[in-house]
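Have a look at the structure below before the remarks.
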Amino acid sequence: MKYALAVDIGATNTRVGIGNSDGELLQIESFKTWDFQDPLKYVEHIARVANGILKSFNVEVVGMGVGSPGPLDIKKGEIINAPNMPFKKLELVKLLKEFTGLRVAFANDAVTAVVGERYWGEGSKHENIVYVTISTGIGGGVYVDGSLLLGKDGNAHEIGHLVVDSRERLTCGCGKKGHWEAYSSGSGIPRFARFLAEVEREKIEGSVLKDRKDLDAPLIFEAYRKGDPLALLVISEVRRLNAYGFAAIVNYYDPEIITVGGSVALNNVDILLNNIRGEVEKYAINRVPDIKPTKLGQNIGIAGALALGLGLEPKIPLR
Ligand SMILES: [Zn+2]
């Protein structure tokens, strides 16, 4: 049995864990990413938690796998200009190696997640897999013919920044307009709702949401289930834009399966994923595969980081 450390950096939480070569995660510790505005203190804390876990398990580990929100410079091992993170630039791999003495394998969070899908999930059955996360942002990871797609800097499928709105109604966290993530992600949906509440006043008569200052995605989905007119309007638009996004994925990568994760998708499978195939078929030229929630659930990112830490993915070696 081999062991590795796994780090799943999220815009909200950072999770540090240890797992084995059966894909079992044996312990996971979590802390708030935004508790650390200083990048050095942040990496120090990851290393402190990792070293604590190592001490309590007292096993040899192969290395440490790390998934982080992008964009990244994968060759330098750096986070550069990530829209949802407290710090804009971070020399992550260099610092982690320094603080832990371990070899580190590093990738974009959604790429890391699709590595999890490949080694511990649907990958046993499929060579062509796309994983899409719909959470604070939207991201993707892609295997074509069993090969992980990376691109020159490791940012090959920033699918959240696909333009889905030619009217450019909203500006994305990255600063550009009309991007999928600006409308359909956990951070985008409430902003989209506020925008529609402003411009579609006559359509949202009677909405209990329209004057709320504390709008967030869970509140909007809850209101949707109760038939609130603003929630119905925004979610029907979100579903249409999601169909554009999924159709682009089907047309570009021709996957055998699309698995979806991230809290926004996993908490609202009935609304966002059930029956989405029919809508995607309106825009896709390729045969539309199953689009379904990942069986790895919220652990897909850290499961992928475990696979990277074990050195399983040849395109992202430990170094
Ligand atoms: Zn963007």
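Just follow the structure's listing: the first ligand is 1, and inside any ligand the first atom is 1.
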Contacts under 3.5 angstrom, residues 220-234 side chains, donor-acceptor by atom type, not counting sequence neighbours:
unit_1	atom_1	unit_2	atom_2	d
Glu222	OE2	Lys226	NZ	3.1
Arg225	NH1	Asp270	OD1	3.4
Arg225	NH1	Asp270	OD2	2.5
Arg225	NH2	Asn268	OD1	2.8
Arg225	NH2	Asp270	OD1	3.4
Asp228	OD1	Ser207	OG	2.8
Asp228	OD1	Leu230	N	3.0
Asp228	OD1	Ala231	N	3.2
Asp228	OD2	Ser207	OG	3.2
Asp228	OD2	Val208	N	2.7

Using atom types as modelled, flag every donor-acceptor pair under 3.5 Å from a side chain in residues 51-70 to any protein atom, sequence neighbours excluded.
unit_1	atom_1	unit_2	atom_2	d
Asn51	ND2	Ala47	O	3.2
Ser56	OG	Ile53	O	3.0

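No side-chain donor from either of Thr136 and Ser187 sits under 3.5 Å from a side-chain acceptor of the other.
Any protein N/O/S atom under 2.8 Å from the Zn ion (ligand 1) was counted, giving 4 altogether.
Counting only residues at least two apart or in different chains, salt bridge (Lys or Arg N to Asp or Glu O under 4.0 Å) contacts with residues 95-107 are absent.
A single hydrophobic cluster is not seen to contain both Val114 and Val250; linkage of ILVMFWY side chains at heavy-atom distances under 4.5 Å, directly or through other members, places them apart.
Taking the charged nitrogens against the carboxylate oxygens, Glu237 and Arg169 do have a contact shorter than 4.0 Å, which makes a salt bridge.
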